[in-house]
Amino acid sequence: MKKDFKILSNNFKGPLNLYLTISSGQTSQPAWLKKNGYFHEMIIVDDKPCLIKIKSGNLEGPLEVITESSEKFEIKAIKNQINEIFGLNDNLDKLYEFLLNDPKLEPTIEFCRGLRLFKAHNPFECLIASISSANNSIIRWNRSIQLMKEKWGNEYQFPSGKFYIFPDPEKILQVPEHEVEELEICGGEKNLEECVNNLKSCGVGYRGKYIKQAARMVTKEINFNEVMKMGYGEAFQALLQIPGVGPKVADCILLYGFGMEEAFPVDIWIKRIICELYFNGKEVSVPKIRLFGIEQFGEYAGYVQLYLFHYARKSGLLEKLRPRNKL
DNA sequence: ACCCAGGCGTCAG
DNA sequence: CTGACGCCTGGG
């Protein structure tokens with residue numbers, strides 16, 4: 001069953017650059033598949049799989065959405081999810097007012113106009129993606145997540161192609177961590193090279209152990225629904241209990257997975273950028289940068305982090321801050 | 001063509 | 001605080 005509709009720009013505040021939002025490498029989910037001018041992804045609406053195809057002509061134009069599914073849906077429910085995922089509930093006009101008041105942030109606007117937080121559509125996938133992103137590159141963790149979906153996620157066929165749901169925690173718990181464990185389980189039926197049905201085979205390296213432990217915690221000690229109801233500070237502490245989750249990853253999960261926009265994830269690049277812009281290039285520790293961001297940027301901290309990074313990348317500041325380019 | 005040092009965030013020591 | 005962790009990248 002196909003359905004199409006538009007989301008007009010008077011339904012959200014400020015510009016929207018869909019391409020930038022999906023493609024800027026935000027840590028919560030891999031970029032959506034681009035085919036025939038539409039971004040594609042399968043999401044769960046009312047517990048049922050629904051393929052979303054989405055595009056927008058320009059910054060001011062409407063979002064065009066086509067859905068494919070064998071199930072019936074309320075359009076309203078699909079719209080609500082799309083609004084969540086692409087940050088359409090965020091008021092960018094107000095954000096830009098805030099950025100304009102800070103000379104260090106004002107230049108980010110022209111580089112990032114219409115860029116929004118690309119929120120996760122699946123909190124558990126966001127957790128595993130964020131753990132996988134630690135000490136890793138964007139393409140590598142994107143590939144890992146895609147492999148996990150193809151190996152262990154339920155497959156659904158739509159007119160526009162095959163899509164997979166990210167496997168649930170119970171499924172991840174059944175998966176062997178590495179080749180050796182897989183070999184033991186099959187009892188010598190295969191040789192080591194044939195063991196490609198384990199976490200390590202997805203290119204996650206030593207993170208396989210964390211991923212399994214995290215999946216176990218989510219089924220036992222940690223209830224995401226409860227974390228979601230906590231205030232930011234308490235939720236941050238709760239997530240730190242999960243193996244593989246440090247301050248940076250916890251903030252990514254809170255920001256992208258739970259929509260807490262006062263989170264300020266600090267990676268090495270944000271640290272360098274903040275030190276350069278706000279501390280005259282003086283070395284300041286990551287935890288201090290995080291507290292500085294939370295204090296200084298408040299409810300806009302998540303957006304400031306996104307805008308500073310993209311701005312630095314596009315303006316050449318990032319290259320300048322690369323250690324070997326510093327003379 | 002090939003190799004190997006560098007870099008990413010978290011954990012354990 | 002420092003080093004180890006796995007893997008890809010990119011400079012030599």
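Naming convention: chains lettered A, B, ... in sequence-line order (proteins, then strands); numbering from 1 in each chain.
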A/Phe39 CZ to A/Leu63 CG distance, which is reported to the nearest 0.5 Å
11.0 Å
NZ (A/Lys35) with more than 12 external heavy atoms under 6.0 Å:
yes
Looking only at side-chain atoms of A/Asn135, point me to the closest of B/dC8, B/dC11, B/dT10.
B/dC8
Base, sugar-phosphate or nothing for A/Ile138? Non-hydrogen atoms, less than 4.0 Å.
nothing
Of the candidate nucleotides C/dT9, C/dG6, B/dG9, which contains the atom at the shortest distance from the side chain of A/Val249?
B/dG9
In whole angstrom, give the distance that lies between atom CD of A/Glu319 and atom C1' of C/dT9.
13 Å
NA contact type, A/Val245, heavy-atom cut-off 4.0 Å: base, sugar-phosphate, or nothing?
sugar-phosphate
Send over the distance from A/Arg207 CZ to B/dG9 C1', rounded to a whole Å.
9 Å
Give the rounded distance in Å between these two atoms: NZ of A/Lys288 and C1' of C/dC1.
14 Å
Walk me through whether A/Tyr303 and A/Leu92 qualify under side chain to side chain contact (heavy atoms under 4.5 Å, CB included).
CA-CA 10 Å; A/Tyr303 265 98; A/Leu92 288 204; 3.9 Å; yes
Give the nucleotide from the list C/dT9, B/dT10, C/dC7 with an atom nearest to the side chain of A/Lys248.
B/dT10
Using the closest heavy atom to pick a nucleotide of DNA chain C for each, name whichever of A/Ser285 or A/Ile139 lands nearer the 5' end.
A/Ser285
Can a donor-acceptor pair under 3.5 Å be found between the side-chain atoms of A/Arg140 and the base atoms of C/dC8?
no
The side chain of A/Asp267 lies closest to which of these nucleotides: B/dG9, B/dT10, C/dT9?
B/dG9
For a quick check of understanding: with a heavy-atom distance under 4.0 Å over all strands, which category does A/Arg272 fall into, base, sugar-phosphate or nothing?
sugar-phosphate
Roughly, in whole Å, what's the span from CH2 in A/Trp141 to P in B/dT10?
14 Å
OP1 or OP2 of C/dT9 sitting under 4.0 Å from any side-chain N/O of A/Arg322?
no
Test item: A/Arg140 and A/Arg143 side chains (from C-beta on) under 4.5 Å apart, heavy atoms
yes
Over how many whole Å does the gap from A/Ile131 atom CD1 to B/dC11 atom C1' extend?
13 Å
Relative to the 5' end of DNA chain B, which residue comes earlier, A/Tyr210 or A/Ser137, by the nucleotide with the nearest heavy atom?
A/Ser137
From CZ of A/Phe236 across to C1' of B/dT10 the rounded distance in Å is 13 Å
Take atom CD in A/Glu295; do more than 12 heavy atoms of anything else shown fall under 6.0 Å from it?
no
In terms of side-chain heavy atoms of A/Tyr206, which of B/dG7, B/dG9, B/dC11 is nearest?
B/dG9
Report the distance from atom CG of A/Leu147 to atom P of C/dG6, rounded to the nearest whole Å.
18 Å
Output the rounded distance in Å from NZ (A/Lys209) to C1' (B/dG9).
17 Å
